[in-house]
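A short write-up of the structure that comes next.
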Amino acid sequence: MIRTATPADVPVIHAMVRELADYEKALHEARATEDQLREALFGERPAAFAHVAEDDTTGEPVGFCLWFLNFSTWRGVHGIYLEDLYVRPEARGGGHGKALLTELARICVERGYERLEWSVLDWNEPSINFYKALGAAPQDEWTVYRLTDEALARLGS
(Lines give C-alpha, C1' and ligand atoms only; values in the text may rest on other atoms or scores of the structure.)
Protein backbone atom coordinates (compact mmCIF):
# COMPACT_ATOMS: atom_id res chain seq x y z
CA MET A 1 0.00 0.00 0.00
CA ILE A 2 2.86 2.43 0.80
CA ARG A 3 6.07 2.57 -1.22
CA THR A 4 8.96 4.93 -1.82
CA ALA A 5 8.31 7.20 -4.77
CA THR A 6 10.20 6.66 -8.03
CA PRO A 7 10.96 9.12 -10.86
CA ALA A 8 7.99 7.63 -12.76
CA ASP A 9 5.70 8.93 -9.96
CA VAL A 10 6.62 12.59 -10.50
CA PRO A 11 3.67 13.39 -12.80
CA VAL A 12 1.08 11.95 -10.40
CA ILE A 13 2.76 13.55 -7.39
CA HIS A 14 2.73 16.88 -9.23
CA ALA A 15 -0.97 16.41 -10.02
CA MET A 16 -1.75 15.63 -6.37
CA VAL A 17 0.27 18.65 -5.18
CA ARG A 18 -2.00 20.78 -7.35
CA GLU A 19 -5.11 18.98 -6.03
CA LEU A 20 -3.94 19.68 -2.47
CA ALA A 21 -3.29 23.34 -3.28
CA ASP A 22 -6.79 23.59 -4.74
CA TYR A 23 -8.28 21.97 -1.60
CA GLU A 24 -6.36 24.49 0.51
CA LYS A 25 -7.76 27.34 -1.60
CA ALA A 26 -4.29 28.28 -2.83
CA LEU A 27 -3.96 26.78 -6.31
CA HIS A 28 -2.68 30.13 -7.57
CA GLU A 29 0.35 29.72 -5.28
CA ALA A 30 1.30 26.23 -6.55
CA ARG A 31 3.99 27.10 -9.09
CA ALA A 32 6.25 24.04 -8.83
CA THR A 33 6.82 22.18 -12.08
CA GLU A 34 7.32 18.48 -12.64
CA ASP A 35 10.96 19.18 -13.49
CA GLN A 36 11.47 21.00 -10.18
CA LEU A 37 9.93 18.12 -8.25
CA ARG A 38 12.01 15.59 -10.17
CA GLU A 39 15.19 17.52 -9.35
CA ALA A 40 14.26 17.96 -5.68
CA LEU A 41 13.39 14.27 -5.23
CA PHE A 42 15.80 12.51 -7.58
CA GLY A 43 18.47 14.99 -8.63
CA GLU A 44 22.17 14.88 -7.85
CA ARG A 45 21.54 16.08 -4.28
CA PRO A 46 17.95 15.24 -3.31
CA ALA A 47 16.48 17.79 -0.93
CA ALA A 48 13.19 16.00 -0.32
CA PHE A 49 11.74 12.51 -0.24
CA ALA A 50 8.34 11.09 -1.07
CA HIS A 51 6.17 8.04 -0.53
CA VAL A 52 3.14 6.99 -2.51
CA ALA A 53 -0.03 5.31 -1.25
CA GLU A 54 -1.54 2.87 -3.71
CA ASP A 55 -5.07 1.50 -3.98
CA ASP A 56 -5.04 -2.09 -2.70
CA THR A 57 -7.09 -3.34 -5.65
CA THR A 58 -5.87 -1.37 -8.66
CA GLY A 59 -2.37 -0.40 -7.55
CA GLU A 60 -3.09 3.16 -8.71
CA PRO A 61 -1.57 6.00 -6.67
CA VAL A 62 -4.23 7.55 -4.42
CA GLY A 63 -2.07 9.62 -2.08
CA PHE A 64 1.42 10.78 -1.27
CA CYS A 65 3.58 12.41 1.34
CA LEU A 66 6.57 14.61 0.68
CA TRP A 67 9.06 15.28 3.44
CA PHE A 68 12.56 16.45 4.27
CA LEU A 69 14.94 16.33 7.20
CA ASN A 70 15.06 19.03 9.81
CA PHE A 71 17.29 19.29 12.86
CA SER A 72 16.57 20.03 16.51
CA THR A 73 19.32 21.91 18.29
CA TRP A 74 17.56 21.11 21.56
CA ARG A 75 17.51 17.37 20.98
CA GLY A 76 20.67 17.18 18.90
CA VAL A 77 19.18 14.93 16.23
CA HIS A 78 17.35 15.08 12.94
CA GLY A 79 13.63 14.88 12.56
CA ILE A 80 11.23 14.72 9.66
CA TYR A 81 9.23 17.69 8.48
CA LEU A 82 6.18 16.57 6.53
CA GLU A 83 5.62 19.17 3.83
CA ASP A 84 2.59 17.57 2.19
CA LEU A 85 0.24 14.71 3.00
CA TYR A 86 -2.60 14.16 0.57
CA VAL A 87 -5.09 11.41 -0.15
CA ARG A 88 -7.49 11.80 -3.03
CA PRO A 89 -11.09 12.33 -1.88
CA GLU A 90 -12.36 9.03 -3.30
CA ALA A 91 -9.74 7.11 -1.30
CA ARG A 92 -10.16 8.88 2.04
CA GLY A 93 -11.18 6.74 4.96
CA GLY A 94 -9.30 3.76 3.55
CA GLY A 95 -6.32 4.04 5.87
CA HIS A 96 -3.90 5.55 3.35
CA GLY A 97 -3.20 8.72 5.33
CA LYS A 98 -2.53 6.77 8.50
CA ALA A 99 -0.32 4.34 6.59
CA LEU A 100 1.75 7.21 5.16
CA LEU A 101 2.23 8.74 8.62
CA THR A 102 3.01 5.30 10.06
CA GLU A 103 5.78 4.88 7.48
CA LEU A 104 7.28 8.25 8.40
CA ALA A 105 7.08 7.39 12.11
CA ARG A 106 8.77 4.05 11.36
CA ILE A 107 11.60 5.88 9.56
CA CYS A 108 11.99 8.20 12.56
CA VAL A 109 12.19 5.33 15.01
CA GLU A 110 14.54 3.30 12.81
CA ARG A 111 16.95 6.22 12.31
CA GLY A 112 16.79 7.66 15.82
CA TYR A 113 14.96 10.82 14.77
CA GLU A 114 12.98 12.31 17.64
CA ARG A 115 10.38 14.47 15.87
CA LEU A 116 7.84 14.17 13.11
CA GLU A 117 6.33 17.60 12.49
CA TRP A 118 3.96 19.28 10.06
CA SER A 119 1.62 22.23 9.73
CA VAL A 120 -2.12 22.16 9.20
CA LEU A 121 -4.45 25.00 8.28
CA ASP A 122 -6.50 26.06 11.29
CA TRP A 123 -9.79 25.63 9.38
CA ASN A 124 -9.03 22.04 8.31
CA GLU A 125 -11.03 20.33 11.07
CA PRO A 126 -11.13 16.86 9.44
CA SER A 127 -7.32 16.76 9.31
CA ILE A 128 -6.91 18.24 12.77
CA ASN A 129 -9.22 15.61 14.24
CA PHE A 130 -7.39 12.86 12.33
CA TYR A 131 -4.00 14.02 13.63
CA LYS A 132 -5.23 14.33 17.21
CA ALA A 133 -6.66 10.80 17.02
CA LEU A 134 -3.15 9.57 16.18
CA GLY A 135 -1.76 11.29 19.28
CA ALA A 136 -0.27 14.35 17.57
CA ALA A 137 -0.22 17.48 19.72
CA PRO A 138 -0.70 20.99 18.33
CA GLN A 139 2.11 23.42 19.02
CA ASP A 140 -0.18 26.33 19.84
CA GLU A 141 2.54 28.41 21.43
CA TRP A 142 4.49 28.68 18.15
CA THR A 143 3.59 30.93 15.21
CA VAL A 144 4.99 30.21 11.77
CA TYR A 145 6.59 33.13 9.95
CA ARG A 146 7.49 33.14 6.28
CA LEU A 147 9.38 35.39 3.90
CA THR A 148 8.53 35.07 0.19
CA ASP A 149 8.48 37.04 -3.02
CA GLU A 150 9.22 40.77 -2.62
CA ALA A 151 9.86 40.65 1.12
CA LEU A 152 12.42 37.86 0.69
CA ALA A 153 14.09 39.64 -2.22
CA ARG A 154 14.21 42.91 -0.29
CA LEU A 155 15.81 41.31 2.77
CA GLY A 156 18.20 39.21 0.70
CA SER A 157 19.45 42.10 -1.44
Side-chain angles (χ1 to χ4, degrees), residues 1-27 29-30 32 34 36-43 46-146:
M1 183 195 302
I2 305 302
R3 62 176 175 75
T4 302
T6 68
D9 293 313
V10 169
V12 74
I13 291 171
H14 182 259
M16 287 191 280
V17 165
R18 295 192 54 79
E19 291 169 27
L20 174 60
D22 189 40
Y23 172 77
E24 293 182 344
K25 302 174 178 90
L27 184 57
E29 294 179 35
E34 286 184 24
Q36 287 174 312
L37 285 176
R38 189 174 290 104
E39 181 64 25
L41 293 169
F42 304 106
F49 308 92
H51 286 79
V52 173
E54 294 180 338
D55 180 90
D56 291 335
T57 306
T58 67
E60 290 297 312
V62 295
F64 82 102
C65 65
L66 192 142
W67 56 277
F68 55 88
L69 295 179
N70 59 14
F71 185 81
S72 170
T73 57
W74 291 9
R75 297 202 175 209
V77 296
H78 282 292
I80 286 177
Y81 186 84
L82 174 61
E83 179 66 21
D84 284 338
L85 173 69
Y86 180 74
V87 175
R88 288 185 158 152
E90 64 273 13
R92 291 180 188 157
H96 299 96
K98 182 177 181 182
L100 286 163
L101 283 170
T102 298
E103 176 62 10
L104 296 186
R106 186 196 65 74
I107 291 168
C108 285
V109 170
E110 177 182 275
R111 297 180 186 179
Y113 303 162
E114 295 188 13
R115 289 183 179 166
L116 172 54
E117 298 180 309
W118 61 92
S119 296
V120 60
L121 291 166
D122 58 8
W123 56 259
N124 192 345
E125 282 298 318
S127 294
I128 291 168
N129 292 335
F130 169 67
Y131 299 143
K132 285 182 178 179
L134 295 176
Q139 301 297 294
D140 295 332
E141 66 275 12
W142 293 90
T143 300
V144 175
Y145 282 84
R146 179 178 294 160

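These numbers come from the heavy atoms of this one structure, side chains and all, not from hydrogens, waters or symmetry mates. Nothing fancy with the numbering, it's 1 onward along the sequence.
- Annotation: side chain of Glu83 is in contact with side chain of Phe68 (closest heavy-atom distance under 4.5 Å).
- Taking all atoms of both residues into account, the shortest heavy-atom contact from Gly97 to Val87 is N-CG2, 3.7 Å.
- When every heavy atom of Glu24 is checked against every heavy atom of Trp123, the shortest pair comes out as CA-CZ2, 3.9 Å.
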Kindly indicate, with the supporting measurements, whether the criterion side-chain contact (heavy atoms from CB on, under 4.5 Å) is fulfilled by Asp9 and Arg3.
CA-CA 11 Å; Asp9 293 313; Arg3 62 176 175 75; 2.7 Å; yes

Could you check Tyr86 against Arg92 for side-chain contact (heavy atoms from CB on, under 4.5 Å), going step by step and ending with a plain yes or no?
CA-CA 9 Å; Tyr86 180 74; Arg92 291 180 188 157; 3.3 Å; yes

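- Contact record, Tyr81 with Asn70: CB-ND2, 3.8 Å, taken as the closest heavy-atom pair.
- One finds the NE2 atom of His14 at 11.0 Å from the CD atom of Glu19 (value rounded to the nearest 0.5 Å).
- Contact annotation: the side chain of Tyr131 approaches that of Trp118 to within less than 4.5 Å [non-hydrogen atoms, C-beta and beyond].
- The heavy-atom pair separating His96 from Ala91 by the smallest distance is ND1-O, 3.4 Å.
- Heavy atoms only, all atoms of each residue included: Glu54 and Val62 are closest at C-CG2, 4.1 Å.
- Once rounded to the nearest 0.5 Å, the distance linking CG of Leu66 with CG of Leu41 reads 5.5 Å.
- To the nearest 0.5 Å, the span separating CG on Asn124 from CZ on Phe130 amounts to 11.5 Å.
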side-chain contact (heavy atoms from CB on, under 4.5 Å) assessment of Leu101 paired with Leu82
CA-CA 9 Å; Leu101 283 170; Leu82 174 61; 3.6 Å; yes

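- A distance of 4.5 Å separates CD1 in Ile107 from CD in Glu103, rounded to the nearest 0.5 Å.
- In this structure, Tyr113 and Ile80 have side chains that are in contact, with non-hydrogen atoms separated by less than 4.5 Å.
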Run Asp84 and Cys65 through side-chain contact (heavy atoms from CB on, under 4.5 Å) and show every step you take.
CA-CA 5 Å; Asp84 284 338; Cys65 65; over 6 Å; no

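- With values rounded to the nearest 0.5 angstrom, Arg88 atom CZ is found 9.5 Å from Phe64 atom CZ.
- In terms of the ring pair (Phe, Tyr, Trp, His ring centres under 6.0 Å) criterion, residue partners of Phe71 (sequence neighbours excluded) are, by chain and number, His78.
- A pairwise comparison of heavy atoms in Arg18 and Ala30 identifies NH1-O, 2.9 Å as the closest pair.
- Summarising the geometry, atom CD belonging to Glu117 is positioned 8.0 Å from atom OG belonging to Ser72; distances are rounded to the nearest 0.5 Å.
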